[in-house]
Structures are given as C-alpha cells and as structure tokens.
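Quick caveat: nothing in here was measured; it's all calculated off a predicted structure.
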Amino acid sequence: MSKKICVVVNSRANYGRIKSFMRAVQEHPELELQLIVGASALLFRFGNVIDNIRLDGFEPTAIVYSIVEGENLTTMAKSTGLGIIELASLFEQMQPDFVLTVADRFETLATAVAASYMNIPVVHTQGGEVSGSIDESVRHAITKLSHIHFPATEKARDILLRMGEDPNSVYVTGCPAMDILAESDLTLSPDLFEKNLGVGEVIDPGVPYVVVLQHPVTTEFGEGADQINHTLVAVNQLKMQAVWLWPNVDAGSDSISKQLRTFHEHNPSAPISFHRNFSVEDYARLINNAACVIGNSSSGIRECAFLGIPAVNIGSRQALRETGPNVLHAPYDSDEIYQTVQKQLQSERFKRSNLFGNGTAGKQMADVLAATSDVSLQKRLWYSDV
C-alpha cells in the first residue's frame, strides 16, 4: 500500500522549492502525492500560482483560503491561526502518512502545528539555516515540531544536531530548487517577456538586464516604504533594464507595493518592467540570464550560487545566511546599493557552486520517505546527557 505524502504549497517561492520533490513522489511506485494549495498561491495579485501548478500536471487534492486581508502584523498572525484550523480539517479527511512543509513562512508554521498535534509525522525542508526577520524564529520552531529533516547544507545539518534533533532523522539532500536548475533548458527564449507581460517597459532579451525582488521584513514593519525607495533610486540610477517582481504577502507588503506603483506612475519611461509571477522554469531562465539579481530574496543566495549569477543582498532579511562568492551585501542606502551593484556588474560570472545541492534533492527525499517505516512521534532533545 502506497504511503500518502501530503505537500502544502502556499506561495510562488514555496512551489519552486518543492516542485521536483512533488514530481518524484508522483513517479515513485511506493508513494502517493496529496497536494494542498493555499494562501497567496491562490491570489491574483501574487501571480495565481495555482495556474502554474495545474499547467505542470499537478491537480490539487484540496484548496485552502486562509489569507486575512491587510498585510500587517495582526493579519499575519490571524492568517496563521486560520491556516491551522483549515488544515486540521483537511488532514483529518485525507489521513496522510507524512506532511511535508517548506522552510520558514507563517503558512509553513500553520502546517507543522496542525500536523504535529494530529500525530502526523512532519517532514521539514531547509531547516537549520540562519537568516534574519521572523523567518529565523519560525524556521527553528518548525524544526522542533518536525520528525524528519531535509536540510540543504552540511552546516544546516550541524545546527539541527546542536538543536537536539535525532541524527538518524536528518538527511542532507540539498534544496529541491536546484533540481529545476539542473534539469531545465535555461536558454533565454526570445518570447519570454512577451508571454510574461508585466507593467512598464517591455524588456529586450538581447540587452543586459537585472532582476529585483525585495520582500517586506516583518521585524522591521513600518520601514518597508523607506527601504524599497532606496532600492528604487539605486536601480533607476543604473539606467539599465530591470525586471522587478512583486513582493510576497508578509506584513508590510502593501506599503512596498504602493511605493512600486507610485514610482511607476511618476517614472513611466524608466526601463523597468514589474511582474507578479513567472513559472518555475521561466524564473530559472530569467535569473540565469540576468546580469545581477538584487534584493532580499533567498533565491539570490540559493539559485544564484548554483548558477554563478552575481547577486546583491540588501538589508537584514538574509544577512546571516550561508552564501557563495557570488553574493555581496548592502544596507538600506541607495548610494551603497548602487555602488555594490556596479561592482557586481563589472565582475565575471562566478563558478557554479553546489553549496545548496547538486540537483538531486527531490528524488533523495522521496526515496528516504519510501524507506521510512517507523517514526517516533514522541520527540526529545537528543543529547547524550539527557
């Protein structure tokens, strides 16, 4: 009898980080994929990610609407609570053998809380990493609720062990996002920007461009407008094409979105194109052919390390993460952002790094779950003196 593996997809980044694992489960003779799609993955302003999921051949087992409007601290907490309520009902109906949750988002925390309280083994990817914002706290909280861990790096594994996790429950597989990069044709198709039209200037794929993706920082709520304005000034000063992706649903998203719209209205001829979303493969092609990736998304650190793309990380959201030589850091200061980007633009493409995986994570994870028979739901700190 096949083991039922429930995967909860909540956002565009979440889907990109787990798509290859979903495919591996779907193709494994001993596993059955159960797919729940919810949160911002269902919303138009965040790219209707569910459309991409269906186009990729995955039909959701269930859909969960759990985002409370407002994008502030209160609605973020309420959305987490609503997610727990809705997911608990679905888990009761679906009776999965494992529930997999990704990384460090509030929706991810809701998944882990609901499953662990229902005695369903929780599988966690990307645990043990160090960064900033509320993501840091959420990531480690999920670790303590999880029963099987798939960290991306050896350093992350060591941190999980120092947190008291059972060494036999920790498997270093790399990040599944690298699988997409390894298996896809990353050639920039001439119609990429025509089929992914945004707002603003149309990007010429034959001319160098940068990619910008900057999310709100929850622990710096109220400062997002000023922070994004520094990035807008710096990118505009570059006088080169820019593909700018919309921020995620975290608290502070509204203020960032407002500043982006205001900038576009006042600078309609700026060579910047604003986009809600790209498919997983098109996003891979987009950053693979970029001159530099700018902002505070972890893809500038993860995917860009694998591809060797120069990246400029801004502010505190990813400040403490492991990085390859392709990453330089800049504070929320337009002059310093501009100078740091210019330095990266003058550098050659970096050597590809397998820091976050070699492109085989999804299959490794599926094989581990297929071979796992007994999981102790009773956790304890795995120290020799306990």
Side-chain angles (χ1 to χ4, degrees), residues 2-3 5-9 13-33 35 52-53 56-58 97-104 121-129 143 146-161 165 167-187 279-285 287-288 298-309 321-324 326 350-373:
S2 297
K3 294 176 184 174
I5 313 298
C6 182
V7 176
V8 184
V9 175
N14 183 277
Y15 179 49
R17 299 276 155 80
I18 208 63
K19 177 180 173 179
S20 72
F21 170 73
M22 290 165 54
R23 184 72 69 203
V25 170
Q26 200 175 52
E27 295 173 352
H28 201 290
E30 298 175 36
L31 302 176
E32 174 190 341
L33 177 65
L35 174 61
N52 296 130
I53 292 171
D56 287 337
F58 301 107
D97 294 295
F98 296 95
V99 169
L100 183 136
T101 194
V102 182
D104 49 28
V122 177
V123 182
H124 185 210
T125 69
Q126 300 175 31
E129 298 183 17
T143 287
S146 299
H147 305 87
I148 296 177
H149 309 273
F150 292 125
T153 71
E154 290 292 341
K155 182 177 180 180
R157 174 188 180 274
D158 292 343
I159 290 173
L160 291 175
L161 299 185
E165 295 303 300
N168 294 317
S169 72
V170 182
Y171 304 84
V172 181
T173 60
C175 175
M178 305 308 113
D179 301 6
I180 303 298
L181 304 178
E183 66 192 26
S184 298
D185 178 1
L186 299 179
T187 304
S279 71
V280 174
E281 286 77 12
D282 277 352
Y283 181 71
R285 296 180 186 107
I287 61 174
N288 180 63
S298 62
S299 67
I301 293 170
R302 292 174 178 278
E303 287 92 329
C304 287
F306 188 85
L307 296 171
I309 301 299
R321 279 198 190 274
E322 291 179 78
T323 64
N326 66 303
F350 291 85
K351 183 180 178 180
R352 289 191 172 198
S353 168
N354 287 340
L355 174 62
F356 292 99
N358 62 8
T360 63
K363 186 178 185 305
Q364 290 184 64
M365 292 161 59
D367 287 343
V368 167
L369 295 184
T372 300
S373 54

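- Residues passing the salt bridge (charged side-chain N to carboxylate O under 4.0 Å, His left out) test with Glu281, sequence neighbours excluded: Lys19.
- A donor-acceptor distance shorter than 3.5 angstrom exists from the side chain of Asp185 to the backbone of Thr187, with no hydrogens or angles considered.
- Under the 4.5 Å side-chain criterion, counting only non-hydrogen atoms from C-beta, Thr101 is not in contact with Val8.
- Ile287 is listed as a side-chain neighbour of Leu307, based on a closest heavy-atom distance under 4.5 Å.
- Side-chain atoms of Val25 and Val7, non-hydrogen and from C-beta on, never get closer than 4.5 Å to each other.
- Considering only heavy atoms from C-beta on, Phe150 stays 4.5 Å or farther from Cys175 through its side chain.
- Here the closest heavy-atom approach between residue Leu355 and residue Thr323 is recorded as CD2-C, 3.8 Å.
- Every side-chain contact (heavy atoms from CB on, under 4.5 Å) that Glu27 has, sequence neighbours left out, goes to Arg23.
- Minimum heavy-atom separation, Thr153 to Val172: C-CG1, 3.9 Å.
- Put simply, the side chain of Val170 reaches to within 4.5 Å of the side chain of Pro151, judged on heavy atoms.
- Taking each heavy atom of Ala182 and Gly359 in turn, the nearest pair found is CB-CA, 4.0 Å.
- Side-chain N or O atoms of His147 include none that pairs as donor or acceptor with a backbone N or O of Val123 at under 3.5 Å.
- Considering only heavy atoms from C-beta on, His149 stays 4.5 Å or farther from Tyr171 through its side chain.
- With hydrogens and angles disregarded, a donor-acceptor distance shorter than 3.5 Å links the side chain of Asn358 to the backbone of Thr360.
- Ion pair Lys155/Asp158 not flagged as a salt bridge, since none of the NZ, NE, NH1 or NH2 atoms sits closer than 4.0 Å to an Asp/Glu carboxylate oxygen.
- Lys3 places no side-chain N or O within donor-acceptor distance of the main-chain N or O of Glu30, the cut-off being under 3.5 Å.
- In this structure, Ser20 contributes its side chain and Asp179 its backbone to no donor-acceptor pair below 3.5 Å.
- Checked by atom type and distance alone, the side chain of Ser146 never pairs as donor or acceptor with a backbone atom of Ile148 at under 3.5 Å.
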Give the intermediate values and the outcome of side-chain contact (heavy atoms from CB on, under 4.5 Å) for residues Thr125 and Met365. CA-CA 9 Å; Thr125 69; Met365 292 161 59; 3.4 Å; yes

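- Ser298 contributes no side-chain N or O that, together with a main-chain N or O of Ile301, makes up a donor-acceptor pair within less than 3.5 Å.
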Under the side-chain contact (heavy atoms from CB on, under 4.5 Å) rule, what do Phe306 and Asn288 come out as? Steps first, then yes or no, please. CA-CA 10 Å; Phe306 188 85; Asn288 180 63; over 6 Å; no

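- Each of Leu33, Leu100, Ile5, Asp56 was compared with Met22 under the side-chain contact (heavy atoms from CB on, under 4.5 Å) criterion, and only Leu33 meets it.
- Between Asp104 and Arg17 no salt bridge is recorded (no basic side-chain N to carboxylate O distance below 4.0 Å).
- A salt bridge is defined here as a Lys NZ or Arg NE, NH1 or NH2 lying under 4.0 Å from an Asp or Glu carboxylate O, and Arg302 with Glu129 meets this definition.
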